[in-house]
Amino acid sequence: MLLIVGQGNPGAQYARTKHNVGFWVLDRLSSDFRPKGKALVAEIRFQKPSGEWVWGLLVKPTTFYNATGEAVGPLARFYKIPPERILVVHDELDLPPGRMRFKAGGSNAGNYGLESITSHLGSRNFHRLRIGIGKPPRPEQGAGWVLSGFHPELVPVMEKVTETAAEAVQTWVTEGLEAAQKKYNGLKLDVA
């Protein structure tokens with residue numbers, strides 16, 4: 001069993017903000033989310049190339065972004081899912097729009113939502129799918145940047161990115177991290 005977590009903030013006022021791209025990706029994988037603990041959860045099944053079925057949960061925390069671990073930790077413990085079988089889909093300032101990167105573990109790079117997950121799991125060994133949103137004009141504008149929407153010219157790019165990221169999640173589930181990294185880490189979806 002796997003957990004696939006989209007990071008974002010609950011509420012209509014945050015729905016189209018940069019911080020919610022993790023939710024956008026999960027919404028492309030299911031529309032059947034139901035409340036469970038501090039999250040909205042949907043069940044998924046994907047078939048591996050071997051024919052074996054893999055079952056998991058899509059998780060959209062109903063905590064705020066910086067408290068994502070309050071939703072992830074209890075679900076991981078209840079279903080006995082180790083960090084290595086958890087994928088967190090989140091926005092990434094250090095990547096430009098149109099790019100995505102899979103990685104396993106490592107630094108949380110100031111992402112308070114990832115810090116919260118690390119704290120509640122007691123491990124940084126979960127996998128991440130980082131979705132590029134670009135940097136604000138000035139570093140001190142970070143909070144306002146992630147809570148704002150994309151410039152209209154970037155909306156089609158982000159639609160393409162989230163569609164591709166949903167496919168990338170399926171690759172991670174059915175073929176593993178290394179295959180997903182090889183296939184998706186070098187893509188540049190901001191160019192025609």
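By convention here, the first residue in the shown sequence is residue 1. Side-chain atoms are counted along with the backbone in the values below, which use heavy atoms only and exclude waters and symmetry mates. Keep in mind that what you see is a predicted model, and the values were worked out from it rather than measured.
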Identify the heavy atoms of [X] and [Y] that sit nearest to each other, and give their distance.
X	Y	value
Trp172	Leu3	CH2-O, 4.4 Å
Leu154	Pro97	CD1-CG, 3.9 Å
Val59	Ala39	CG1-CB, 3.7 Å
Thr63	Ala71	CG2-N, 4.4 Å
Ser116	Thr68	OG-N, 3.6 Å
Arg45	Trp55	CG-CD1, 3.7 Å

Heavy atoms, side chains only, cut-off 4.5 Å: are [X] and [Y] in contact?
X	Y	result
Leu40	Phe23	no
Ile131	Leu95	no
Val161	Leu187	no
Glu43	Leu57	yes
Glu70	Pro61	no
Leu87	Phe126	no
Met100	Arg130	no
Trp53	Lys48	no

Measure from the side-chain N and O atoms of [X] to the backbone N and O of [Y], and report whether any donor-acceptor pair falls under 3.5 Å.
X	Y	value
Gln141	Arg138	yes
Thr164	Lys160	yes
Thr171	Ala180	no
Arg101	Asn185	yes
Arg85	Met1	yes
Asn20	Asn9	yes
Asn108	Gly110	no
Lys36	Val41	no
Ser31	Asp27	no
Asn111	Leu114	yes

Starting from [Y], can I reach [X] by hopping between I/L/V/M/F/W/Y residues whose side chains sit under 4.5 Å apart?
X	Y	value
Leu26	Ile81	no
Val21	Leu29	yes
Leu177	Val54	yes
Phe33	Ile86	no
Leu58	Val72	no

**Q.** Salt-bridge present (Glu175, Lys182; N to O < 4.0 Å)
**A.**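 No, no charged N to carboxylate O under 4.0 Å.
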(Q) Does this structure show an ion pair linking Glu159 with Arg28, if we count only N-O contacts that are shorter than 4.0 Å? (A)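 Salt bridge flag = yes for Arg28 with Glu159.
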**Q.** Sole candidate of Gln7, Arg124, Arg128 that passes side-chain contact (heavy atoms from CB on, under 4.5 Å) when paired with Ile117
**A.**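 Of Gln7, Arg124, Arg128, side-chain contact (heavy atoms from CB on, under 4.5 Å) with Ile117 is met by Gln7 alone.
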Hey, could you give me the [atom1]/[atom2] distance between [X] and [Y], rounded to the nearest 0.5 Å?
X	Y	atom1	atom2	value
Phe46	Thr174	CZ	OG1	8.0 Å
Asp32	Arg34	CG	CZ	4.0 Å
Lys135	Trp145	NZ	CH2	11.5 Å
His127	Gln181	NE2	CD	8.0 Å
Leu147	Thr17	CG	OG1	6.0 Å

Q. Would you call the rings of Tyr65 and His19 parallel, tilted or perpendicular, where under 30° means parallel and over 60° means perpendicular?
A.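 Aromatic pair Tyr65/His19 classed parallel.
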Q.
Under 6.0 Å between ring centres: does that hold for Tyr14 and Trp24?
A.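 Here the rings of Trp24 and Tyr14 have centres that are no less than 6.0 Å from each other.
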Q: Answer yes or no: does atom CD of Glu84 have more than 12 heavy-atom neighbours from other residues, nucleotides or ligands under 6.0 Å?
A: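 Yes.
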Q: Count the heavy atoms belonging to other residues, nucleotides or ligands that lie under 6.0 Å from NZ of Lys103, then report whether that count exceeds 12.
A: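 Buried by this count: over 12 neighbours within 6.0 Å.
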Q) Step by step, would you call Val5 with Val89 a side chain to side chain contact (heavy atoms under 4.5 Å, CB included)? A) CA-CA 6 Å; Val5 180; Val89 183; over 6 Å; no
